[in-house]
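One structure is given below, encoded as structure tokens.
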Amino acid sequence: MTENTNNDRSTHIAFIGLGNMGGPMAKNLLQQGYTVTVYDLSEAAQQQLAQAGAITSTSPQEAIEDAEVVITMLPASKHVKTVYLGDAEAIELTSDGLLSHLAKGTLVIDSSTIDASVAKEVSSIALAKGIDMVDAPVSGGTAGAEAGTLTFIVGGEDSAFNRAQPILQAMGKNIFHAGSNGAGQVAKICNNMLLGILMSGTAEAINLGVKNGLDPKVLSEIMLQSSGRNWTLEVYNPYPGILDNVPSSRDYTGGFMSQHMHKDLHLALQAAKDIGVQVPMGSQATALYDEHIKQNSEKDFSSIMGHFDDSVLTQ
Ligand code: NAD
């Protein structure tokens, strides 16, 4: 295969994992004129992309036929290992893994949020086979995925980063090169540990005001113009009815599932433990989500509001 800079919209992209994030990301690539073949375990998700102009497939192996670039947007480490190495528990590449089938020179972009050590392990197998691979987890939520304004946090070699950049620009606004393979995942879990802390703290503060007789909307406006201002208050308020078009105002559906925030907090705690760093606030937020996902794993992560005021979960 000839080296392709990917500036060229004729680049053929395989996109695997069409959930809350991957679906709109793949749609943006189609809108920018790329040829996109999609695959997801969910037939309904594939059909949605077919309506937007994607070519559907029946397996990851079929999806990557003719692809010069592969993008994955999967839930967690085990799904990434299943797709690339052929088995969730694989310690080496098996014949079912995509890395056994990809042509030398293919560019692989994994945008899932996963364990940095898994990102390093999979990318080192890819590199040994002459396949360029970057970890490129995202920030910006489903709204950013739909608007094409995601932040990509990339780990990988300079040459692979340069190849990935034009494609990432079709789905995002800010593209950061955090360092070598795995560095994107480390930066991403630092961010999401802080997000878990901020969301829990914002829900706790709103609940304190509401239980003291304050109107949650008035309290939110006060805190937004005061020193408690933060992203969750500004664009993702966890209390129902304060902001339109956020998960809390549609029964906590869509968005970023609590089980994914729970996964990310545990990734952060493990990373801290591995090197002996203290994360007391991250540990508190993790304990809250450990409890919360027992009943609310598929609800958006802002449903942690229900941990403090369970009436919001039944509105
Ligand atoms: P999701 O659960 O909505 O989507 C994941 C998709 O992957 C599903 O459609 C599922 O069917 C598919 N899938 C699972 N295993 C597969 C396999 N073996 N082959 C093909 N498809 C498979 O998750 P999401 O919200 O889109 O998140 C994806 C990743 O992005 C996660 O790692 C998450 O932590 C991260 N993330 C999510 C958000 C958000 O706001 N939702 C924001 C930033 C990062």
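We count ligands from 1, going down the list as the structure has it; atoms in each ligand are counted the same way.
Protein heavy atom nearest atom 22 (C) of ligand 1, with residue, atom name and distance: Leu74 CD2, 3.4 Å. Distance from atom 30 (O) of ligand 1 to its nearest protein heavy atom, with residue and atom name: Met73 CE, 3.1 Å. From the protein, the heavy atom lying nearest to atom 1 (P) of ligand 1 is His260 NE2, 3.9 Å. Protein heavy atom in closest approach to atom 41 (N) of ligand 1: Gly255 O, 3.1 Å. The single protein non-hydrogen atom nearest to atom 4 (O) of ligand 1 is Gly19 CA, 3.2 Å, given as residue, atom name and distance. Scanning all protein heavy atoms for the shortest distance to atom 36 (N) of ligand 1 gives Phe256 CE1, 4.0 Å. Here the heavy atom of the protein found nearest to atom 14 (C) of ligand 1 is Pro75 CD, 3.7 Å.
Of all atoms in ligand 1, listed by their number and element, those nearer than 4.0 Å to a heavy atom of Thr113 are 32 (O), 34 (O), 35 (C), 44 (C). Atoms of ligand 1 lying under 4.0 Å from any heavy atom of Ile16, numbered from 1 in the order shown and given with element: 20 (C). Less than 4.0 angstrom separates some heavy atom of Lys263 from each of these atoms of ligand 1: 31 (C), 32 (O), 33 (C), 34 (O). Applying the 4.0 Å criterion to heavy atoms of Met257 picks out, from ligand 1, the atoms 2 (O), 3 (O). Every atom of ligand 1 is numbered from 1 in the order shown, and the set under 4.0 Å from a heavy atom of Tyr39 is 19 (N), 20 (C). In the vicinity of Lys188, heavy-atom distances shorter than 4.0 Å reach the ligand 1 atoms 43 (C), 44 (C).
Under the 4.5 Å side-chain heavy-atom criterion for Ile, Leu, Val, Met, Phe, Trp and Tyr, Ile114 and Met73 are members of distinct hydrophobic clusters.
Between Asp132 and Arg163 a salt bridge is recorded (basic side-chain N to carboxylate O distance below 4.0 Å). Salt bridge absent: Lys78 and Glu89 never bring a charged side-chain N and a carboxylate O closer than 4.0 Å.
The structure places CD of Glu204 at 10.5 Å from CD1 of Ile304, a figure rounded to the nearest 0.5 Å.
Between Gly141 and ligand 1, no N or O atom pair is found at a separation short of 3.5 Å. Taking distance alone, with nitrogen or oxygen atoms compared against 3.5 Å, Met21 approaches ligand 1 more closely than that limit.
Relative to atom 15 (N) of ligand 1, the option among Leu41, Leu267, Asp110 with the closest non-hydrogen atom is Leu41. Nearest-heavy-atom check against atom 12 (C) of ligand 1 across Leu195, Thr142, Asp40 picks out Asp40. Counting heavy atoms only, Val138 comes closest to atom 44 (C) of ligand 1 of the residues Val83, Val138, Asn20.
Defined by atom type and a distance below 3.5 Å, a donor-acceptor pair is missing between the side-chain atoms of Asn28 and Gln32. Using a 3.5 Å distance cut-off with no hydrogens or angles, the side chains of Asp110 and Thr72 do pair a donor with an acceptor. Side-chain polar atoms of Thr113 and His260 form no donor-acceptor pair below 3.5 angstrom. For the residue pair Gln51 and Gln47, no side-chain donor N or O sits within less than 3.5 Å of a side-chain acceptor on the partner. Side-chain contact annotation: Asn207 with His307, donor-acceptor N/O pair under 3.5 Å absent. There is a side-chain donor-acceptor pair under 3.5 Å between Ser220 and Asn237. Using a 3.5 Å distance cut-off with no hydrogens or angles, the side chains of Ser303 and His292 do pair a donor with an acceptor.
Remark: distances from the non-hydrogen atoms of Ala45 to ligand 1 are all 4.0 Å or more. Residue-ligand proximity: Ser139 is placed with every non-hydrogen atom at 4.0 Å or more from ligand 1. A heavy-atom separation below 4.0 Å is not found between Met261 and ligand 1.
Considering only residues two or more places apart in sequence or on other chains, Thr232 meets the side chain to side chain donor-acceptor pair (under 3.5 Å) condition with Thr202, Asn230.
Taking the six-membered ring for Trp and thresholds of 30 and 60 degrees, His177 and Phe161 have nearly parallel ring planes, at less than 30 degrees apart.
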